[in-house]
Amino acid sequence: MFPDRVLSGMRPTGKLHLGHYHGVLKNWVKLQSEYECLFMVADWHALTTAYDDVSVIEKSVWDMVIDWIAAGVDPAHATIFIQSRVPEHAELHLLLSMVTPLSWLERVPTYKDQIEKMSHKDLGTYGFLGYPLLQSADILLYRGNLVPVGEDQVPHVEITREIARRFNHVFGKEVGFEEKAEAAIKKIGGKKGKLYEELRTRYQQDGDVEALESARALLAETQNLSHGDRERLFGYLEGGGKMILPESQPLLTAASRMPGLDGNKMSKSYGNTISLREDADSVAKKIKQMPTDPARVRRTDPGDPAKCPVWQLHQVYSDDATKAWVVEGCKSAGIGCIQCKQPVIDGVLAEQAPMFERAQPYLEDPTLVKKIVADGCERARELARETMRDVREVMGLAYS
Ligand code: SF4
């Protein structure tokens, strides 16, 4: 039994924009108060597609972490770290590759999709084919059982579950499992060890579920057990092997389609973004230049908000009264488009104000952000080492 833990990450491939904020970061801020969270700068993942232009990665790493903090990710509540600073990711990726059928990777729906979408790049590489496996290693390394994803990413969590299942099946029955479990019972201590055995027998012989729950609770509160022994005894309780890598669950996040400046989804590739920390003049200029309903050629022409990208931003930033004012004013030509855009400008600037404030200390003293990341990497490595100890042991690699 492992604690609920969330693992999520982002590739450092350029400035973050409001689409990232509404689509991902707002959710991270919520999750960090509900679960233990690890947020990862996925620089190795960035290399799978940006290997031919690595300059953008280095440039983006620190800025991205400042953007996270600006958005409200709190280093006191979440672990922020860089993937490549925790080399155990690469080790687990390699070890999992030993038991991952090639066909599982080839059938990940996004694989062919992405190759087609990015036809200008040569993605016929091993790194690109293997990136869902690297993603599985990222999750399993922290025994992250909760993975926040949108619908389209669910297959990635599914492959992670299949890999964990296969790994546990192949390696969970370690050599001498029963003897090791018996030895672990002795370590619990006389009275407690006896109780564990009684509860185990009641569950296995009579199917007594209450006994199973009591035994689990007993293991959870027992202090003098190593992580490996505890997991061994959880497995022994149910007659199975040791569960080394827990199966993750998707934590479905509501789809957010943050509209961009042209009405399409906000995305760097469409060139329709507003950066998280874009300065006020630039924000105002971009919104003032947004296209509107083409029917409003002159100020006196009535328009239809349904045909206007500005209206989509009102859905994000305006209250009901403002929206009613827009509909009435647009359809009757009672307001001009510049007038209509002002509440959106005000809304974006109000959203950004606390972000600038939170980012300021880190911009003034860049060592602060480096310290946060160094601490995060250390914490991540501690957890990673725990998992790798168990993984190496069951794979026959724990030489001493
Ligand atoms: S008044 Fe507003 S909603 Fe209507 S066309 Fe102009 S910007 Fe768009």
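Just so you know, these numbers come straight off a predicted model, no measurement behind them. In listed order, ligands and their atoms are each counted from 1.
Looking at heavy atoms from C-beta onward, Tyr126 lies out of side-chain contact with Tyr131 at the 4.5 angstrom threshold.
Around atom 6 (Fe) of ligand 1, protein N, O or S atoms at a distance under 2.8 Å total 1; waters are neither shown nor counted.
With hydrogens and angles ignored, the 3.5 Å screen pairs a side-chain donor or acceptor of Arg5 with a backbone N or O of Tyr142. Proximity of a side-chain donor or acceptor of Ser248 to a complementary backbone N or O of Asn145 within less than 3.5 Å is not detected. In this structure a side-chain-to-backbone donor-acceptor pair under 3.5 Å is present from Asn168 to Ala164. Side-chain N or O atoms of Ser275 include none that pairs as donor or acceptor with a backbone N or O of Arg277 at under 3.5 Å.
For Asn272 against Ser267, the heavy-atom pair with the smallest separation is OD1-N, 2.9 Å.
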